[in-house]
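Values reported hereafter were calculated over all heavy atoms of this structure, with side chains retained and with hydrogens, waters and symmetry mates removed. As the structure is a computational prediction, the values presented were derived from the model and not from experiment.
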Amino acid sequence: MDWWKKLRRNSLARWGAILLLLFYVVVIGADIFAPYNPYNAQVDGSLLPPTQIHWRSREGQWIGPTVYPTRQLPTDLETGLRPLEVDFSQPSPVRLWVKGDGYVWGQIKLPLPPSFTPVEIFPGIRGDRHLIGTLGPGKLNLLGTDEQGRDQFSRLLFGGRISLFIGLIGITISFPLGMVVGGVAGYFGGWLDVVLMRLVEVLMTIPGIYLLVALAAVLPPGLSSAQRFLLIVVITSFISWSGLARVIRGQVLSLKQQEYVQAAKAMGAGAARIIVRHILPQTASYIIISATLAVPGFIVAESVLSLIGLGIQQPDPSWGNLLSIATNASILVLQPWLVWPPAVLIILTVLAFNLLGDGLRDALDPRSLGE
């Protein structure tokens with residue numbers, strides 16, 4: 001376990017792993033960590049700024065963290081501003097583990113088209129408790145509300161489920177394909193190697209962004225945004241394995257000449273067993289590093305597609321379509337709290353994956369394992 005010790009000594013990789021673990025835990029438990037349902041709108045709550053938390057009453061008496069009901073008044077025609085009206089007569093204490101919107105945590109359904117009956121894999125656990133909330137009519141909007149009056153912090157947490165797991169779905173599909181094709185081509189060689197590598201080269205010439213735009217244009221209109229984007233990811237994953245296949249082929253070409261592979265052949269082991277049990281495991285270090293560095297690519301792709309209107313669409317949240325509001329210049333200037341949180345989370349996630357990938361690459365480098 002020398003590589004593990006070396007990885008733990010890498011402070012940047014360690015912080016990247018901790019940050020990713022934190023992000024995944026929070027988005028998996030978004031039903032609990034988010035104070036409100038991401039689809040519910042607040043009355044007269046459009047484009048509210050982050051809620052101000054008061055610790056003392058207007059008379060100066062200590063009351064602990066408290067918020068007050070707030071709503072937007074009509075736009076002032078002279079100044080162009082939308083003043084806020086705060087009702088100080090209804091203090092709402094901020095508390096932990098409060099009762100709020102009901103939810104079903106952990107429910108899993110197959111994303112089938114609308115004409116099919118949804119297939120429920122796991123019914124989920126029903127609850128109505130949230131990590132943080134208020135006791136009273138006041139709302140705790142930590143990052144304000146969007147143009148529909150929905151809590152931006154809650155939408156940010158729920159949007160992370162798609163943005164973070166889309167990369168895992170992508171590598172789950174593309175990496176096994178790359179490993180199998182590269183392993184078969186490198187082990188058998190000959191005409192099979194030539195055919196498979198020409199196929200890989202054709203796939204590598206397909207421009208990804210143009211393919212995504214074309215796919216988004218021809219997909220059936222009846223699909224939900226989640227089904228639509230999942231289908232795009234599945235399709236593009238089938239062409240993103242080509243680079244991995246070429247590298248695995250090169251490694252297999254050298255590994256199949258090793259003595260332990262020749263010994264397995266002499267003992268009568270079949271080609272499939274030799275590839276799966278003796279050759280591909282020797283490429284595990286490269287595969288792990290490549291997978292870690294490939295996930296950010298899928299996350300960025302989701303963000304770009306949703307930003308230009310080809311990915312997850314409203315009202316379903318994702319970090320990409322939450323960031324798309326930045327295309328509105330007035331919101332960018334007057335409501336910056338709607339723009340910077342998803343941008344910062346995307347940057348931190350991509351950076352954390354890259355730091356972890358660099359740390360794994362250094363730790364699994366055969367030249368450094370003996371140090």
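- R126 forms no cation-pi arrangement with Y103, by the criterion of a distance under 6.0 Å to the ring centre and an angle within 45° of the ring axis.
- Salt-bridge check for D151 with K139: failed, with every basic side-chain N at 4.0 Å or more from each acidic carboxylate O.
- At least one side-chain heavy atom of Q251 sits less than 4.5 Å from a side-chain heavy atom of T283.
- No more than 12 heavy atoms of other residues, nucleotides or ligands shown are found within 6.0 angstrom of CH2 on W191.
- Using a 4.5 Å cut-off on side-chain heavy atoms (C-beta onward), L84 and Q72 make contact.
- At a threshold of 4.5 Å between non-hydrogen side-chain atoms, the residues P341 and L143 count as touching.
- In R58, the CZ atom is not crowded: 12 or fewer heavy atoms of neighbouring residues, nucleotides or ligands sit closer than 6.0 Å.
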**Request:** Run the numbers on D31 and R161 for salt bridge (Lys or Arg N to Asp or Glu O under 4.0 Å), then give the verdict.
**Result:** CA-CA 11 Å; D31 299 279; R161 286 183 172 177; 2.5 Å; yes
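- Distance check, rounded to the nearest 0.5 Å: CD1 of I171 to CG of L177 gives 13.0 Å.
- Within the 4.5 Å cutoff, side-chain heavy atoms of I18 are placed close to those of R14.
- Expressed to the nearest 0.5 Å, how far CD of E85 lies from CG of D44 amounts to 9.0 Å.
- Inspection of the R155 and Q148 side chains reveals no N or O donor paired with an N or O acceptor under 3.5 Å.
- With a 4.5 Å cut-off on side-chain heavy atoms, T292 and F353 count as touching.
- Residues W62 and F88 are members of separate hydrophobic clusters, defined by side-chain heavy-atom contacts under 4.5 angstrom among Ile, Leu, Val, Met, Phe, Trp and Tyr.
- Classification of D193 and R249 as a salt-bridged pair holds, one side-chain N sitting under 4.0 Å from a carboxylate O.
- Between F158 and Y39, a ring centre-to-centre spacing not shorter than 6.0 Å is recorded.
- L253 and Y187 are not part of a single hydrophobic cluster, where members link through side-chain heavy atoms under 4.5 Å apart.
- Other residues, nucleotides and ligands contribute more than 12 heavy atoms inside 6.0 Å of the CZ atom of R150.
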